[in-house]
Amino acid sequence: MALFMFITLLVLMLLSVPIAFSLGLSSIVAILIDGNLPYELLIQRMFTSIDSFALLAVPFFVLAGKIMGTGGISRRLVNLASAFIGHMSGGLAVVTIVASMLFGAISGSSAATVAALGAILIPAMIKKGYSKRFAAASQAVSGELGVIIPPSIPMILYGVSTGTSIGAMFLAGIVPGLIIGLLLVITVTILAKMKGYPNDVKTTWKDKWIALKESTLALLMPVIILGGIYGGIFTPTEAAAVSVAYALIVGLWIYKEIKIKDLLPILGESAVLSAIIMIIVSAAGLFGWIMTKGMIPQQAASLITDFTTSKVIFLLLVNLFLFFIGMFFETSAAIIILAPILLPVALTFDVDPVHFGIIMIVNLAMGMVTPPVGVNLFISSRIAGITLEEITKGILPFLLVLIINLLILTFLPVISLWLPNLL
Amino acid sequence: GGSSDTQTEADPGADAGDQGEEAPAEGGGSYSIDIGYINATDSETDLGAQKFKELIEERTGGELTVNIFANAQLGGERDLLEGMSLQTVDMVITGDAIFGMFAPEYSGLSLPFLIKDTDHLDRVLDGEVGDEINAAINESLNSRILDYWHRGPRNLTANTEIRTPDDLNGMKLRVPEIPLVVEAWKILGANPTPMAFDQLYVALEQKTVDGQENPLDMIYTSKLHEVQNYVMTTQHLIAPMVVVINNDTFESFPEEMQAQVVEAIEEAGTYQKQLVKENEEIYRQQIIDDGTTIIDDVDRDAFAKKLEESNIVEQFQGEWAPDLVERIRAAE
Amino acid sequence: MQLFKPYVSFMERLNKWMLIFVGILLGVMTIFICTQVFYRYALNQSLSWTEEATKYISIWSVFLGASIAAGRRELISVEAIMQLIPEKIEKAFRVVVLFFSIVFCLYLIIYGFSMVQEVAVQRSTALRLPMWIPYAAIPVGGLLILLNVFSVLIRTFQVEERGE
Ligand code: NA
Ligand code: NA
């Protein structure tokens, strides 16, 4: 039954049937083969899988990100980064990375980060004489910080589907996010120097002060989210809803860059975007239930432990597997489907669930910049007006850095676990 | 699950080690029961279920096999019970939440301080009220209650000492999101805050809420006492663990096997009840050893009186079976 | 294909209204949860119904939102193969995909409806809401996805006619 279910899933997905439908249809096949499971099982499990308070954080963070993207906040963050570090070697490329880190701290999605900042930064870089390929690639790569630095939709999904604390996941992402950011800054500095790209002129302290003042309200957002969660004021879901309210107040009445009439389209589009994610969560919950009932995770675990008892080999294998999956899969979908299967195996190797979550998320976030399917590549190359092949060439040097970084995170769990253990 | 006419279908998954319900166990058993519950592995409920598995598999010579899904693997309480009526799982062991969800006329059993002790509870459930509950569950879930097991009484934990209702005064108390329970604690003076159990530890640690109420085993195994200064043995709710099985599953068994199932469940129940009794002492000691103070001189009567003098029964009795509270009190 | 034009434009209008509706649902969800926080901190009172209400509104919003996404062909799928195969076969491919989508929708409608009947007597924990109300999101959403899949199917052929 398990084998049939997986083959059906694979075939349907390769045919490009929507992932949610593929999960549902392969579960139907399993129900038919089993013969004892009721047909209504599909309905009950699809319902129950999204009947979760924690999951509500997804639409709220999507909405907050969308408001932030339109509310003039992305522009202010770019100005801020540019005022303070634009003069550094690599100039605008460094600004791109730092602005992505800042935007990552208020947005839960990578695509939103690339779309919001790329629209400003990619044309600016090209205008400064950077190659399109390099401009698009550095924005695509730094976009993945959107899901590694909290808040993060994939972290919410990992937490919900494995029962791991979302608050702990958020904390665990901070240091890896900073390290990746730093490594990327070093990389673009070297690359820009090699290519002889210009820096921005040094700004005066007055300019710096203005840029800082203008973006203070935007920078308060992560303080509200994380401070609210760890200060015991609200749960992650409540934090997400409060951040929506905050973004609205700032966008509507303080920055005045959103009008009331823009609100309904923003709400509607955010609802659709969340539905696209949540319908997969719903169907994956069903698929996972059938696997649990068939005791598949235990068998997968014993299969792997028969093969190797070495934690190092296991982690290398998992990383290799996830890298391969990330080439073809969208991050959220891969997390929802694979986390409940892989985590029990990881636990038998004594891997901490929070650490394992970080490994999964960083690895699959890399999938957003690997061809053939990579949402950051798509958005970035569209903005820059270049082909997928071209941006892929620009990505290659970055990819090397990301892989080295992933290995560091994998084998030094303390980087991820230090902060959650501290608090 | 559980159907007898197991036509072994071509099952390519069998090579991949599929141990689904179609795959006969070593004994070649042609009947199976999948049991689900939200309680953790090695909890009293889990040990009771394992006992049942051991007994019934031995007595039927492997003819009936039992698959255990602990730890909410197959879903939460509502999902499991709903699933049982659909036969996605055959047997469920659940707390008193089943009354509110599937026999709402008897949800009054969850009124704090109403049931005095386990003997009182047993008398209620073995009597007329118990028969009515059986009928209601039969109707709403197409399932029968095989037995009532025990669980430790629910106690209050907090960071301040609480002996009387006055000590509760506005305290943010996490409760399950059951209207009767919320209302009762409101009357007692607390500020009841409904919250999912899986968020509770962090919420207590970060003081999003000040206290909570659960049986000692839950308090200890979820380490809630580590983030609370006091455990008050209020024993405000004495509720059963309900063992329920789908009617169609049960009736698909030969009559002799049905009797064996009932007998094995009751024997496992005796073992489980003994465990509950012994563990209560053990958990208590462990909580003390971990440095949390246990307060026994709680003025339970003051709490009970405050509720009795309130209009809580009037508020809800329209939804309850006739004279439910009176009949429960009479069984004391 | 002229015949189907009114259908396609009807679906476009329906989706426009649906987009507004799910937007309102998301707005209400935000208000509920912010109110919950406000009550707890400003009024020192806890609301017991907001979590449940928001969850069930969210479930409706997921299935309605998915139908809009289906109409725009925005549901996430693995598009790797689509980029490799020649354009001629791609159309045939798309039709196969739509066929599978239709099968799934029919399942959602038929068994969703039967599940709605199954849970008719159940009530939710906090709101005491009949459980068929949240559950009805699935068959209704299934129907709307189906209608949108048909519209995509028609549009696929329209493009083909125009293209050749
Ligand atoms: Na983020
Ligand atoms: Na990829």
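Just the heavy atoms: all of them, side chains too, but no hydrogens, waters or symmetry mates, feed the values below. Letters go in sequence order (proteins before strands), and every chain restarts at 1. Because the structure is a prediction, the values reported are computed rather than measured.
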Below 4.5 Å from any heavy atom of chain C, which atoms of [X] appear? Answer side chain, backbone, both or neither.
X      : result
A:L63  : side chain
A:I31  : side chain
A:I233 : both
A:S22  : neither
A:I280 : side chain
A:L56  : side chain
A:E330 : side chain
A:L25  : both
A:V242 : both

Residue, of [options], that accumulates the most heavy atom pairs under 4.5 Å with chain A:
options                    : value
C:I76, C:I24, C:T30        : C:I76
C:V22, C:I68, C:L19, C:I59 : C:I59
C:R73, C:R72, C:R94, C:M18 : C:R72

Would you mind reporting whether A:F21 and C:V97 have side-chain heavy atoms less than 4.5 Å apart?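 The answer is no; the side chains never approach within 4.5 Å.
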
With a 4.5 Å limit on heavy-atom distance, are the side chains of C:M131 and A:F47 in contact?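 Yes, close enough: below the 4.5 Å cut-off.
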
Test item: C:Y111 side-chain N/O and A:L41 main-chain N/O as donor-acceptor pair under 3.5 Å: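 Checking the backbone N and O of A:L41 against the side chain of C:Y111, no donor-acceptor pair under 3.5 Å is found.
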
